[in-house]
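See structure below.
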Amino acid sequence: MNARARLPSLGIRRQRLLEQQAALVALMRSDVFNRENVQQALQSVTETAARLLRIERVSLWRYSESRSSIRCIDLYERSLDRHSAGGELEERLYPAYFAALGQSEAIVADDPRNDPRTSEFTAAYLTPLDITAMLDIPVHLHGRLKGVLCHEQVGKPVPWTAEDRMFGIAVANLISLALEQHDRRRVEQALRESEQRLATMLAYAPDAIVVLDVVSGRFVEANERAVRMYGLDRESLLKIGPVEMSPERQPDGRLSSEAARENLAEALAGGAPVFEWMHMNAAGTLIPCEVRLVRLPHCEGGLIRGSINDISERKRLEAERERLNSRFRLLLDSAGPGIYGIDTHGRCTFINPSGEALIGYAADEVLGRDMHALVHHSREDGSHYPQAECPIFRAFATGQPCRMEGEVLWRRDGSSFPSEYAAYPIVNGGVIEGAVVTFSDISERRRAQVELRQVKEAAEAASRAKSEFLASMSHELRTPLNSVLGYAQLLRRQEGLLSGQAKALAVIQQSGEHLLGLIDEILDMAKIETGTLDVIAEPFHLHRLLETIAAIMRTRAEAKGLAFAGAEPMQLPAMVSGDERRLRQVLMNLLDNAIKYTVSGAVAMQAEMHAGRIRFIVEDTGIGIEPEHLSEIFSLFHQVRDPAVMVEGTGLGLAISKRLTGLMGGDLKVASAPGAGSRFWFELDLPAVPLPPTAAHRSTVIGVEGERRRVLIADDEERGRGLLRDLLTPLGFTVHESADGEEAVRDAVRLKPDAILMDIRMPRLNGIEAARRIRALPELERTVIIAISASAFESDRQHCVDAGVHHFLPKPFRQDKLLGLLCEQLQLTPIYAPDEMSAHEAPLAPLTVPPVGRLRALRDLAARGDIKNLQHQMTQLEALDDVYSPFVAQLRLRTAAYQMKELRRWLRTLEVTAHERPTR
Ligand code: ADP
């Protein structure tokens with residue numbers, strides 16, 4: 001479809017020429033070229049050309065930047081009325097064509113396939129698109145080849161006319177014009193924008209910006225910021241230069257004018273100096289600044305742009321940082337322990353002087369070095385200490401601080417010291433950046449610890465030695481005392497003693513018991529010191545205990561002219577479970593003090609039920625205690641003494657009593673005022689237990705019923721064995737003796753005794769071990785073992801029980817108790833002496849007293865100490881009437897104990913009471 005089928009006639013050609021000219025004028029007149037969008041303008045050009053020349057294709061191509069190819073920026077295909085773009089032709093593929101473009105005003109190719117300028121396109125372009133004629137016109141811009149306008153006929157060609165060619169050239173020129181206009185507009189636009197940007201940048205620049213004329217030394221331009229910084233209005237500022245706005249000299253001492261000249265010269269020479277400068281504003285305030293100078297290009301005479309940054313704040317921060325740094329440094333420097341920092345690789349980042357001194361390295365010798373390798377490389381025994389095992393490095397992994405004591409750190413000279421160190425991770429924004437390690441030398445502390453341990457060990461050894469000494473002393477003292485007391489008891493059992501003998505035996509027994517009391521008190525003190533004081537709960541007769549104590553204390557009080565009131569125990573249970581010995585000790589002690597510290601008046605002991613417990617009270621009308629001393633009197637060896645009052649004492653009593661009541665579950669308390677007397681009290685849980693059968697109350701066993709029982713006595717002390725033998729044989733026991741533990745085991749196996757009385761301390765094999773071995777023998781399973789020991793330590797009792805011993809009797813023991821135990825364990829029926837009542841029981845039995853005259857006679861005998869006649873009177877009374885038996889028993893008890901004073905007092909009381917009510 002080719003509209004140019006034939007070469008048109010002249011008339012038509014004229015006609016067309018007119019049309020073309022009109023179109024060109026229209027194009028030029030239209031605002032196509034004034035449009036913003038150059039693409040649209042070009043499209044209307046290609047479209048107009050295709051229409052007027054009646055050809056199929058008109059395209060416009062543009063040279064690439066490198067000029068090695070042309071690119072289609074618009075192709076109009078008339079039959080399709082379509083615009084497209086994008087094809088590219090490279091010069092290296094079509095060299096002839098490109099050469100022709102450069103040389104001619106127009107390539108007019110009526111037969112392009114055979115035209116040497118265009119034949120290169122044949123295969124790839126002309127033939128496939130059926131292009132049969134080409135009219136290509138170069139487009140110039142600013143005198144340079146910029147592109148090409150291509151007209152192409154498709155199908156049967158019509159030769160190009162001179163008008164066609166002229167028209168093409170005119171269109172190409174039009175395009176040049178359009179492009180040129182477009183370019184100019186673009187450049188202008190860019191320039192405007194750039195100026196605007198620059199102005200904005202200057203106005204809003206954070207820096208003060210000035211332009212300086214080097215020749216006049218004045219500012220020729222200044223932005224808003226500069227105006228504000230200098231504190232002058234713009235006009236005034238532009239009349240002066242930087243030297244006027246500076247102090248005479250810069251901080252480094254140079255004259256400002258000189259320093260400014262040097263810097264400007266450097267900028268003029270093409271440098272870009274950056275320097276700190278002290279400016280001064282209109283108010284005279286100094287402003288530290290950082291200045292950058294650069295020469296403005298293309299400026300005659302030399303204009304220099306200066307950008308000025310106020311660095312007051314930076315300077316202030318720097319000064320502050322410096323101050324903090326030096327503070328921090330000071331802190332580090334004056335810190336006692338060594339402190340160093342490490343990064344995550346373990347390299348030293350700082351170390352304080354204490355640290356330097358401790359490890360013997362100077363800071364610059366350790367900075368940047370691996371601290372573990374330097375000071376922590378080996379353990380105390382010299383073996384390698386791998387870094388992976390070092391707790392400081394574990395602190396990195398866990399982020400947790402670590403603390404370590406006792407590891408050694410190594411000095412520069414190869415020596416080491418025991419250390420204590422702690423590592424704290426340095427965490428910045430959640431990231432571990434290193435650690436701070438504080439460390440110190442603990443040699444001194446260790447030495448002190450070792451010394452302390454030695455002192456403690458020595459003290460413990462001394463305390464052990466003391467305990468052992470006390471134990472053996474107690475043993476040594478009690479063993480002979482056992483014999484003394486034992487034989488005294490044994491002898492007193494005998495009938496028909498002469499009064500002198502009875503008196504002597506009583507004295508022996510009393511003295512022995514006194515000695516025993518002393519030994520016990522000393523031991524108690526030792527036990528309090530070693531914390532081994534124990535109490536045991538066993539059934540005991542509370543009434544009897546209180547009576548006995550009252551009897552003894554009354555005598556003492558009256559001897560001092562004091563009235564004494566004993567406890568009324570009738571409201572209390574008779575038999576209770578508790579530690580009789582300790583309770584007696586406490587009460588005796590309190591009463592002893594009460595009598596000791598009372599000059600006139602009375603001393604009283606009370607016992608009463610109080611909220612389910614038994615409250616014991618000891619009261620006096622004595623000197624009392626100063627309030628400030630009340631809390632001290634319970635301390636060991638504490639004595640509060642009025643120098644005017646001379647009393648004896650050890651200062652142990654209350655301390656022991658306090659501990660004992662504590663151990664028994666009570667609390668010893670005191671209320672006292674100077675001159676108003678004192679009141680001590682405590683409460684104990686003493687559960688009531690049933691009264692044992694009356695037979696048990698009777699103490700003197702004279703034999704046992706039934707077959708003879710075999711008893712083995714194991715004791716290395718000949719005298720100890722002898723006493724037991726003398727006690728048991730007359731009662732009908734068959735007695736065997738072993739002199740040590742080993743012999744005891746052998747004899748036990750051989751003799752199969754019913755009971756073994758085992759001493760604890762024996763050579764070769766001690767009693768506890770012997771008991772343990774015997775207990776392990778099945779054939780001796782029924783044998784009763786009773787331990788009898790002079791050891792006063794309660795722990796022995798526990799050991800005995802653990803070894804399988806049935807009972808533990810401390811030496812010296814009461815014979816009645818041993819016999820009672822043997823009978824109970826071997827299920828024997830004891831035979832008691834005919835009428836003898838237990839001496840202790842006497843106060844409890846209903847007492848029938850003889851007539852007053854008889855009582856007075858008895859009191860006279862007591863006053864004379866005539867024991868013989870007293871005993872005679874007793875026998876007579878018993879013969880007279882059985883009802884006098886309890887009275888006689890009491891009388892006998894007091895006579896036997898040689899308590900003549902007490903006997904007289906008792907008889908007098910009975911006389912008084914006898915006067916008040918009728919008697920038989
Ligand atoms: P001492 O052997 O000196 O009596 P204690 O431990 O028994 O030692 O008593 C400590 C101190 O308490 C005594 O020295 C005494 O000053 C004071 N004290 C104890 N009991 C009484 C009391 N009943 N009246 C006044 N002071 C007492």
Side-chain angles (χ1 to χ4, degrees), residues 513-533 535 546 549-567 579 581-608 615-664 666-684:
E513 273 162 8
H514 180 66
L515 207 55
L516 190 62
L518 287 180
I519 296 173
D520 282 345
E521 195 158 270
I522 293 170
L523 276 171
D524 280 348
M525 178 191 78
K527 285 181 191 170
I528 285 177
E529 281 184 347
T530 52
T532 53
L533 195 75
V535 291
L546 293 175
I549 294 173
I552 296 169
M553 287 306 169
R554 177 171 288 119
T555 319
R556 290 199 206 160
E558 287 173 356
K560 212 181 158 186
L562 302 173
F564 183 87
D579 194 324
R581 194 163 77 90
R582 299 306 190 186
L583 178 58
R584 177 191 292 115
Q585 198 178 339
V586 173
L587 288 172
M588 297 275 277
N589 191 266
L590 294 177
L591 286 166
D592 218 34
N593 279 347
I595 295 168
K596 208 156 63 169
Y597 298 106
T598 304
V599 184
S600 64
V603 167
M605 169 172 71
Q606 297 164 46
E608 61 197 26
R615 175 185 277 181
F616 297 89
I617 306 165
V618 172
E619 248 177 319
D620 63 59
T621 56
I623 58 170
I625 304 166
E626 297 284 342
E628 65 264 32
H629 293 143
L630 279 178
S631 59
E632 302 166 7
I633 55 172
F634 296 116
S635 323
L636 270 184
F637 303 112
H638 188 85
Q639 293 181 315
V640 183
R641 285 273 186 274
D642 175 353
V645 188
M646 257 313 282
V647 274
E648 50 181 64
T650 54
L652 281 177
L654 281 183
I656 295 179
S657 299
K658 178 88 177 168
R659 308 290 200 288
L660 285 177
T661 45
L663 282 172
M664 290 188 288
D667 186 14
L668 178 57
K669 296 196 179 132
V670 59
S672 181
S678 307
R679 177 184 161 97
F680 286 85
W681 75 96
F682 59 95
E683 285 145 26
L684 297 181

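What you are looking at is a predicted structure, and each value in this text was computed from that prediction instead of being measured. Below, all heavy atoms of this structure are taken into account, side chains as well, without hydrogens, waters or symmetry copies. Just follow the structure's listing: the first ligand is 1, and inside any ligand the first atom is 1.
In this structure, the side chains of Leu590 and Met605 stay at 4.5 Å or more apart for every pair of heavy atoms. Here the side chains of Asn593 and Lys596 are in contact, with some heavy-atom distance below 4.5 Å. Considering only heavy atoms from C-beta on, Val670 comes within 4.5 Å of Ile633 through its side chain.
Ligand-side atoms of ligand 1 in range of Ile633: 10 (C), 12 (O), 17 (C), range being under 4.0 angstrom from any heavy atom. The atoms of ligand 1 that sit less than 4.0 Å from any heavy atom of Lys596 are 1 (P), 2 (O), 4 (O).
A perpendicular orientation is assigned to the rings of Phe634 and Phe680, their planes being inclined by more than 60° (bins at 30° and 60°).
Distance alone, capped at 3.5 Å, places no donor-acceptor pair between the Asp620 side chain and the Val603 backbone.
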Stepwise side-chain contact (heavy atoms from CB on, under 4.5 Å) check, Leu591 with Arg556: CA-CA 10 Å; Leu591 286 166; Arg556 290 199 206 160; over 6 Å; no
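By the 4.0 Å heavy-atom criterion, Gly622 is excluded from the residues contacting ligand 1.
At a heavy-atom cutoff of 4.0 Å, ligand 1 is contacted by the side chain of Asp620 but not by its backbone. Both the backbone and the side chain of Leu654 come within 4.0 Å of ligand 1, judged by heavy-atom distances. Contacts with ligand 1 closer than 4.0 Å are made by no heavy atom of His629, backbone or side chain.
Here the shortest heavy-atom distance to atom 15 (C) of ligand 1, taken over Phe680, Phe634, Tyr597, belongs to Tyr597.
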